[in-house]
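Inspection log for the structure reproduced underneath, given as structure tokens.
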Amino acid sequence: MSENLTLPAQQGSTGNPSSAETLLSVEGLTKHFPIYGGFPIKRKVGAVQAVDGVDLTVGVGESLGLVGESGCGKSTTGRLITRLLEPTGGRITYKGQDITHARRRQLAPVRSEIQMIFQDPYSSLNPRQTVGSIIKSPMEVNGIDPAGGREKKVRELLELVGLNPEHYNRFPHEFSGGQRQRIGVARALALNPKLIVADEPVSALDVSIQAQVVNLLKKVQDELGIAFLFIAHDLAVVRHFSHRVAVMYLGKVVEVGDRESIYNGPRHPYTHALLSAVPEVKVADEGEGEGEGRERIRLYGDVPSPIMPPSGCRFRTRCWKAQDKCATEEPPLVQISGNRDGHLTACHFPEGPTTESRGEDVVLDPALKALEKSAEKD
Ligand SMILES: Nc1ncnc2c1ncn2[C@@H]1O[C@H](COP(=O)(O)OP(=O)(O)OP(=O)(O)O)[C@@H](O)[C@H]1O
Ligand code: SF4
Ligand SMILES: [Mg+2]
């Protein structure tokens, strides 16, 4: 395992979902968390619309990045797909089988093929169990006996993730954050998964360690052909890991496409804003000057509450292009003119497919804009 601190450039990605056999597809996926109130009898008074009609596909061996600001529903989407949460609506299809409401027994074979890596490498490992028993436990629960025995398999997995197999009997507190996340990766690999949902797997780690863990996941993906749903705030991390990228805003996917289309020809104003906020990372094997001439859009203001999302387009309260139509008609997620195949955008008035520098900053917070104007006058 290379401990190289730079991120690897993506090699050989087709970026085209139609070229890969579909492993997972999600249609109209919805999760509304009910809110109860009232006294003395509690009743439902509203709902948090955490995920509201999400469509996604992940091909065999493909990596899909899912990005967006805090609270937009990324983790909820991941937990619905791994069936840790019960969907309110929509459909989840895995290898052609509808698993949306599959019961425990029907789900058992699928559960072992879809695994999750969590954000926090501290709370996701039981401190009272040795590393060996943590990695072994999915095999025990699922009654899987690999050739050569479970202990041998655990030692192989430790080696694969760059840990010393001799540390089999150590406890999680004896490891650093990055090493603990490697234990989480080994545990996810114990059942030979076909799909891993990685929920911000590096965001709790020190920046210097993040690239090492991303490199490890990339190696796992390339060598074992495992598909990934890689959830992140950070577009820079997702860029070098994903064949395709989906951008979420307030419970909905607003833009999805292959890596090149999203980074070099974004059409949705929110994607433009997110990209303009990303400091480009110096990447191994990629040319100089990446990201030069990126427009400067400062995305200020909070994401509105998912309890009462704005009508029409949910981004309209922060969008500098919003018009009346945006408040009355929800823009469908479609392939708009000028987009490459599979690049879908949900916007009535999309930006041009360019990342050329703008003449002036676009400031998305009206209050900030007013302040800046008054400062200019002084
Ligand atoms: N169990 C729950 N009950 C009620 N509301 C919830 C629950 N879980 C999540 N939510 C709400 O659903 C919305 C989406 O949350 P989610 O954790 O999916 O967002 P996220 O995109 O993963 O955010 P972050 O980047 O901060 O991890 C948020 O408003 C959150 O408060
Ligand atoms: S539909 Fe309107 S408000 Fe929404 S992103 Fe497009 S221009 Fe902005
Ligand atoms: Mg989350």
Side-chain angles (χ1 to χ4, degrees), residues 26 29-37 44-54 56 65-82 84-88 116-120 123-124 197-204 229-235 237-238 246-255 266-275 277 297 299 301-334 336 339 344-352 362 364 366:
V26 162
L29 190 64
T30 303
K31 181 69 185 177
H32 291 179
F33 294 105
I35 302 167
Y36 295 98
K44 190 179 160 200
V45 292
V48 179
Q49 300 176 26
V51 174
D52 204 25
V54 160
L56 289 175
L66 187 62
V67 299
E69 283 166 289
S70 184
C72 70
K74 304 179 298 293
S75 295
T76 306
T77 303
R79 285 167 184 269
L80 289 168
I81 287 169
T82 47
L84 294 170
L85 281 173
E86 188 68 17
T88 313
M116 193 147 180
I117 299 172
F118 297 91
Q119 176 176 359
D120 185 355
S123 65
S124 59
V197 174
D199 188 359
E200 309 224 24
V202 298
S203 58
L229 179 68
F230 193 107
I231 296 172
H233 281 92
D234 189 340
L235 271 159
V237 169
V238 165
V247 178
M248 262 188 104
Y249 188 78
L250 256 188
K252 293 192 181 283
V253 172
V254 295
E255 185 151 41
R267 307 297 301 274
H268 198 284
Y270 182 58
T271 314
H272 273 255
L274 276 185
L275 278 170
I297 304 169
L299 193 55
D302 290 334
V303 181
S305 164
I307 299 170
M308 286 260 280
S311 63
C313 172
R314 293 185 173 191
F315 187 55
R316 72 178 166 81
T317 55
R318 300 168 84 197
C319 182
W320 61 96
K321 297 190 84 183
Q323 299 182 31
D324 291 349
K325 188 180 181 186
C326 305
T328 52
E329 276 179 48
E330 186 179 335
L333 184 65
V334 290
I336 54 179
N339 277 7
L344 313 178
T345 310
C347 177
H348 295 307
F349 308 104
E351 293 281 3
V362 175
L364 296 185

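Every number for a ligand or one of its atoms is a count from 1 in the order of the listing.
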Quiz item: How close do Glu69 and Tyr249 get, heavy atom to heavy atom, and via which atoms?
Solution: OE1-CE1, 3.8 Å
Self-check item: Verdict with reasoning, Glu330 to Lys252, per side chain to side chain contact (heavy atoms under 4.5 Å, CB included)
Solution: CA-CA 11 Å; Glu330 186 179 335; Lys252 293 192 181 283; 3.1 Å; yes
Self-check item: Side chain, backbone, both or neither: the part of His233 lying under 4.0 Å from ligand 1 by heavy atom
Solution: side chain
Quiz item: Considering only heavy atoms, which of Ser305, Ser203, Gly71 lies nearest to atom 14 (C) of ligand 1?
Solution: Gly71
Practice problem: Check whether any heavy atom of Gly73 sits under 4.0 Å from an atom of ligand 1. | Solution: yes
Quiz prompt | Polar contact flag for Ala50 and ligand 1 (N/O pairs, less than 3.5 Å) | solution = no
Quiz prompt | Numbered atoms and elements of ligand 2 in range of His268, under 4.0 angstrom, heavy atoms | solution = 5 (S)
Quiz item: Got the closest protein heavy atom to atom 15 (O) of ligand 1, with its distance?
Solution: Thr76 OG1, 3.7 Å
Quiz prompt | Derivation of the side chain to side chain contact (heavy atoms under 4.5 Å, CB included) call for Thr30 and Asp52 | solution = CA-CA 5 Å; Thr30 303; Asp52 204 25; 3.8 Å; yes
Quiz item: Between Gly251, Pro34, Ser70, which one has a non-hydrogen atom sitting closest to atom 24 (P) of ligand 1?
Solution: Ser70
Quiz item: Relative to each other, are the rings of Phe315 and Trp320 parallel, tilted or perpendicular (30° and 60° limits)?
Solution: perpendicular
Quiz item: Looking at atom 25 (O) of ligand 1, what's its closest protein heavy atom, distance included?
Solution: Lys74 NZ, 2.8 Å
Quiz prompt | Those atoms of ligand 1 less than 4.0 Å from some heavy atom in Pro306 | solution = 29 (O)
Quiz item: Are there protein heavy-atom neighbours of atom 31 (O) of ligand 1 below 4.0 Å?
Solution: no
Quiz item: Are any of the heavy atoms in Lys31 under 4.0 Å away from ligand 1?
Solution: no
Practice problem: Could you walk me through whether Arg267 and Asn339 pass side chain to side chain contact (heavy atoms under 4.5 Å, CB included), step by step? | Solution: CA-CA 8 Å; Arg267 307 297 301 274; Asn339 277 7; 2.9 Å; yes
Quiz prompt | Donor-acceptor under 3.5 Å (Lys74 side chain, Gly68 main chain) | solution = yes
Quiz prompt | Shell of protein N/O/S atoms around atom 2 (Fe) of ligand 2, taken as anything under 2.8 Å | solution = Cys326 SG
Self-check item: Atom of Arg314, atom of Pro310 and distance for their closest heavy-atom approach
Solution: O-CG, 3.6 Å
Quiz item: For atom 9 (C) of ligand 1, what is the nearest protein heavy atom, given as residue, atom name and distance?
Solution: Phe33 CE1, 3.6 Å
Quiz item: Ser75 heavy atoms, cut-off 4.0 Å: which ligand 1 atoms fall inside?
Solution: 17 (O), 18 (O), 20 (P), 22 (O), 27 (O)
Quiz item: Can you check whether Ile307's main-chain N or O pairs, donor with acceptor, with Ser305's side chain at less than 3.5 Å?
Solution: yes
Quiz item: With distance as the sole test, does His348 use its side chain to make a donor-acceptor pair with the main-chain N or O of Glu329 at under 3.5 Å?
Solution: yes
Quiz item: Which part of Gln119 is near ligand 1, with near meaning a heavy atom under 4.0 Å away: side chain, backbone, both or neither?
Solution: neither
Quiz item: Rounded to the nearest 0.5 Å, how far apart are NZ of Lys325 and SG of Cys313?
Solution: 11.5 Å
Quiz item: Given that the side chain starts at C-beta and the backbone is N, CA, C, O, which of these parts of Val48 lies under 4.0 Å from ligand 1, counting heavy atoms, or is it both or neither?
Solution: side chain
Quiz item: When rounded to the nearest 0.5 angstrom, what distance separates OG in Ser123 from CZ in Phe118?
Solution: 9.0 Å
Exercise. Return yes if some donor-acceptor pair links the side-chain N/O of His268 with the main-chain N/O of Ala346 below 3.5 Å, else return no.
Key: yes
Quiz item: Stepwise, does the side chain to side chain contact (heavy atoms under 4.5 Å, CB included) test hold for Leu250 with Val303?
Solution: CA-CA 7 Å; Leu250 256 188; Val303 181; 3.6 Å; yes
